[in-house]
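First the structure, in the form of structure tokens, and then the observations on it.
For the numbers below, each heavy atom of this structure counts, side chains included, while hydrogens, waters and symmetry mates do not.
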Amino acid sequence: MEKFGKGQSITRIEDQRFLTGSGRYVDDIVPDKSLFVSFLRSPVAHGKITSIDLTQARQMNGIHLVATAKDLEAAGVKLKIDAALIKNRDGSSAASPERNILAKDYVRFVGEPIAMVVSDTIELGRDALEAIALEIDELPANLAFSPNNITIYPDIRQNRAFDWGLGDEFATEQAFANAHQVVSLQVANNRVIVNSMEPRTCYAEMDGKKLHFCFSSQGVWGFKNRLIHAFGLDADHVRVTTPDVGGGFGMKVMVYPEYYSVAYAALVLRRPVRWASERSEAMLTDNGGRCLTSFAEMAFDDSHKITAYRVRTQCNLGAYNSQYGQPIQTELFSRVLTGPYDIQTFWMQVEGYYTNTVQIDAYRGAGRPEAIYVLERVMDRAARELEVDPWELRKRNFIARDRFPYKSATGETYDIGDFDRVLTRAATEFDLAGYVERKAASSANGRLRGYGLCYYIECILGEPTENARLVFEEDGTLSVFVGTQSNGQGHETVYTQFISDQTGISPSAIRIIQGDSDRITYGGGTGGSRSVTLQSNAFLLTIEQIVASFREFFAQKMDVHVDEVTFDDETFRTKTSNVSASVMQVAEWIRSEGRDDLLSYEARYQIDGRSFPNGAHIAEVEIDPETGSTSVDRYIVVDDFGNIMNPLLVQGQVHGGVAQAIGQALTENTVYDSDGQLLSATFMDYAMPRADHMPPIKFFSEPVPSTANAMGVKGCGEAGTVGALAAVANAVQDALWDKGIRQADMPFTPSKVWEMLESARSAP
């Protein structure tokens, strides 16, 4: 393909190398004379380390290093891993228990790293782990994210990390006291393991005095700064890179203890050192997602308008604060707490608790799916209890089209939206009359059928600025340096498409370069649906510089005034002659005249305000009451993503997000026993969604271009998950409602659904 068409669905450029096995992932890179790292991990969820004898392991053949926290500390390494903290309701700081690179005195979850072994081969390293004599006095494990008497930290009462609040508690209480009707619902959001296709992997090597650290990540700059801090290195002596990445979903934003340990080994041994997580190791130690329970209440007046909203949540942080664990279920949860509805009176309270499990942090959507799930579950319940059509109840409470820009009660400014229009389109595509017929057919076959509606809104998050640098190279190509990091979303394609559209440069001449702290000064990485929105606007600023500079050069070459030169996204030409030149031709002229200063351009874009993707999801499920088996039979999405650059890639992002939500809703669940042992640590025990769980997903675009950025785009990367959780759960609840089941929580596994039906059958 030599020329992209604007807004066309173009298949991904990068798929050629991925599908032919030419991708370059971290595990594909094995520097010469590499050594391998293995970790001794805690076999218990909670205990005091009483002794650890490394003597035998250190004497074994092929072992180059065996180290514990005390060894790192003696070498001057700063052991503590930092994390973002929030403020309690009373203004005090939330808890900040010490989390070290390697466990120092206590272990607090199964799989916590205690010691590292560096060996010639992985097999030798495993043998050395067996030779380490470790003694731990086991302590009771706490699995409850609520107050109890099992103490994980002596100085943290009842294991409570924080007590956070937002809104006007008194005004909300008054509104509930004066309400015509109040609807309430407790909602549980089950814990999931992220399970990226490519497990976490890294290697480190020394290039003279420079430490080069390579890992599978969502951005290199944050960890570069942490390496500098932990080891006291100069910034010029640290390079961090990320090649191709096989999925991140928020889990790879964060840093982990293994990364520091591998870097330490390379610094000490002056040899390349690498580590690759095995699947069960990843399931034990990768940050998990969700894991919270909320009690939500809505107050209504006699016209079924919402007058107040109140949410009280208890959430699990795991054993320690992960990098963003505290903000996810508080500040990020609150961003879209009131969704698309005109609610100005609210109160939200969140209590976070430590448990003897692995940490909880960002998972696709990071707080927004959790918020919308609560909101749309209680909206569905309200429609039933108020005896109002669920479509009509939502429309009655939508923020009106003429109210934008709209300042939400949580402090967000929604730039624009037309929720009524989007929902009306969704109703048309859903075909309610057809649903009635399908429900009757299911009933005739002894099956239960239900449908669920969710209207979601989310906001793009993350660093609000992004860089772009475009360099015209001697070989006739354009190098494009970006600060985002593709994890499989198709960034190379959409960025190439955009630049080609704006400049007329052939896609084959455009090279996207990412994930290298030496070649790119700074970037915000990927997360929070930010990448295309910020990067495209940074490109636009950079291209404006190129066009202005090239116009002036072209005018001089043609001996005309610069105002006589036009550019039409493909060629420069003068108004008084038919002479024209492409961008690349002008670049060649510039180079031939030795003006290399005109061949490199850089701009930094700062977004003025967030954009707010939104839309309607409708799921239709069928349940076999004899087995409890639940299938999603039909799925319809109508999204407002503003202007769309590549509809095919957007549709793929929506499909992926919906698939992850269906997985959580129907099959996925993280299970620990009472001693804190992970029972779902293999794919035999943790049920990932499969192809036969996925229905055909019908996707429709109903765009309302954003006014918050020049491109009018809205992020799409996480929207599928944000909308799908409640749509599927509401559909299951709908199918079970006539059987008298009033409390239905994810995951809707066959055994769980069957047990609910059995309980309903035996109820008096």
Side-chain angles (χ1 to χ4, degrees), residues 14 17-18 22-37 196-231 233-248 251-267 269-277 323 462-463 466-469 471 473 479-489 491-492 495 511-527 531 535 602:
E14 48 268 69
R17 72 174 188 274
F18 292 152
S22 301
R24 189 170 180 268
Y25 298 89
V26 180
D27 203 38
D28 296 324
I29 308 167
V30 184
D32 189 35
K33 298 181 180 179
S34 287
L35 301 174
F36 298 86
V37 174
S196 58
M197 184 165 58
E198 176 201 18
R200 290 189 293 118
T201 309
C202 67
Y203 72 85
E205 60 184 348
M206 297 303 298
D207 181 8
K209 293 183 178 181
K210 177 173 282 191
L211 170 68
H212 172 214
F213 187 88
C214 179
F215 70 141
S216 177
S217 79
Q218 292 178 230
V220 300
W221 294 272
F223 189 52
K224 175 177 177 175
N225 292 333
R226 287 177 168 83
L227 283 173
I228 292 168
H229 173 75
F231 298 107
L233 302 172
D234 292 334
D236 292 342
H237 290 167
V238 178
R239 179 192 180 201
V240 180
T241 62
T242 291
D244 290 326
V245 180
M251 181 269 291
K252 289 182 182 173
V253 168
M254 286 70 71
V255 298
Y256 291 83
E258 295 89 352
Y259 301 160
Y260 293 98
S261 301
V262 170
Y264 170 77
L267 286 165
L269 299 173
R270 315 297 292 183
R271 289 269 300 274
V273 179
R274 63 195 316 275
W275 170 75
S277 173
Q323 195 164 329
E463 174 68 40
E466 196 52 78
N467 273 16
R469 182 161 62 95
V471 179
E473 307 287 5
S479 292
V480 180
F481 298 87
V482 299
T484 54
Q485 177 66 56
S486 177
N487 280 198
Q489 302 97 325
H491 287 179
E492 291 176 48
Y495 293 167
R511 296 184 301 182
I512 307 298
I513 299 166
Q514 59 183 346
D516 189 333
S517 66
D518 270 9
R519 304 181 72 183
I520 305 159
T521 306
Y522 180 77
T526 288
S531 296
Q535 200 68 70
E602 185 170 0

- Would you check, one step at a time, whether the test side-chain contact (heavy atoms from CB on, under 4.5 Å) holds for Asp244 with Arg17? CA-CA 11 Å; Asp244 290 326; Arg17 72 174 188 274; 2.7 Å; yes

- With distance as the sole test, does Asn487 use its side chain to make a donor-acceptor pair with the main-chain N or O of Gly246 at under 3.5 Å? no

- Message: Any donor-acceptor pair under 3.5 Å linking the side-chain atoms of Glu198 with those of Ser216?
- Response: yes

- Query: Between Ser479 and Arg511, is any side-chain donor less than 3.5 angstrom from a side-chain acceptor?
  - Reply: yes

- Rounded to the nearest 0.5 angstrom, the CG-NZ distance for Leu233 and Lys224 is 10.5 Å

- Query: What distance do Thr241 atom OG1 and His212 atom NE2 have between them, rounded to the nearest 0.5 Å?
  - Reply: 3.0 Å

- Item | Any Cys202 side-chain heavy atom under 4.5 Å of Arg200 side chain | no

- For Thr201 and Phe215, what are the C-alpha separation, side-chain angles and deciding distance, and is it a side-chain contact (heavy atoms from CB on, under 4.5 Å)? CA-CA 6 Å; Thr201 309; Phe215 70 141; over 6 Å; no

- Quick one: does Phe213's side chain get under 4.5 Å of Ser517's, heavy atoms only? no

- When rounded to the nearest 0.5 angstrom, what is the spacing between CG in Asp518 and NZ in Lys210? 3.5 Å

- Task: Measure the NZ-CG distance between Lys33 and Leu269 for me, rounded to the nearest 0.5 Å.
- Result: 14.0 Å

- Query: Are the side chains of Arg274 and Phe36 in touch, meaning some heavy atoms are under 4.5 Å apart?
  - Reply: yes

- Item | Distance-minimising heavy-atom pair for Ser217 and Val245 | O-CG2, 3.5 Å

- Can you measure from CG (Leu227) to CZ (Arg239) and round to the nearest 0.5 angstrom? 14.0 Å

- Message: Are the side chains of His491 and Thr526 in contact, using a 4.5 Å heavy-atom criterion?
- Response: yes

- If we only count heavy atoms from C-beta on, is the Glu258 to Val37 side-chain gap below 4.5 Å? no

- Any side-chain heavy atom of Leu267 sitting closer than 4.5 Å to one from Met206? yes

- Query: Do Ile520 and Asn467 have side chains that get closer than 4.5 Å, going by heavy atoms?
  - Reply: no

- Message: Rounded at 0.5 Å granularity, tell me how far OG in Ser531 sits from CD in Glu466.
- Response: 7.5 Å

- Message: Can you give me the closest heavy-atom contact between Met251 and Tyr256, atom names plus distance?
- Response: O-OH, 2.8 Å

- Does Gln323 use its side chain to pair, donor to acceptor, with the backbone of Val255 at less than 3.5 Å? yes

- Donor-acceptor pair, side chain of Glu205 and main chain of Pro31, under 3.5 angstrom: no

- Parallel, tilted or perpendicular: rings of Phe231 and Tyr260 (30°, 60°): tilted

- Task: Just say parallel, tilted or perpendicular for the rings of Trp221 and Tyr522, cut-offs at 30° and 60°.
- Result: tilted

- Query: Quick one: are Val26 and Tyr203 in side-chain contact, heavy atoms under 4.5 Å?
  - Reply: yes

- Message: Set out, in order, the CA-CA distance, both residues' side-chain angles and the distance that settles side-chain contact (heavy atoms from CB on, under 4.5 Å) for Ile513 and Asp516, then state yes or no.
- Response: CA-CA 8 Å; Ile513 299 166; Asp516 189 333; 5.5 Å; no

- Query: Quick check: does any side chain N or O of Asp28 sit under 3.5 Å from a backbone N or O of Tyr25, one acting as donor and the other as acceptor?
  - Reply: yes

- Message: Show the nearest heavy-atom pair for residues Ala266 and Leu211, with the distance to one decimal.
- Response: CB-CD1, 4.3 Å

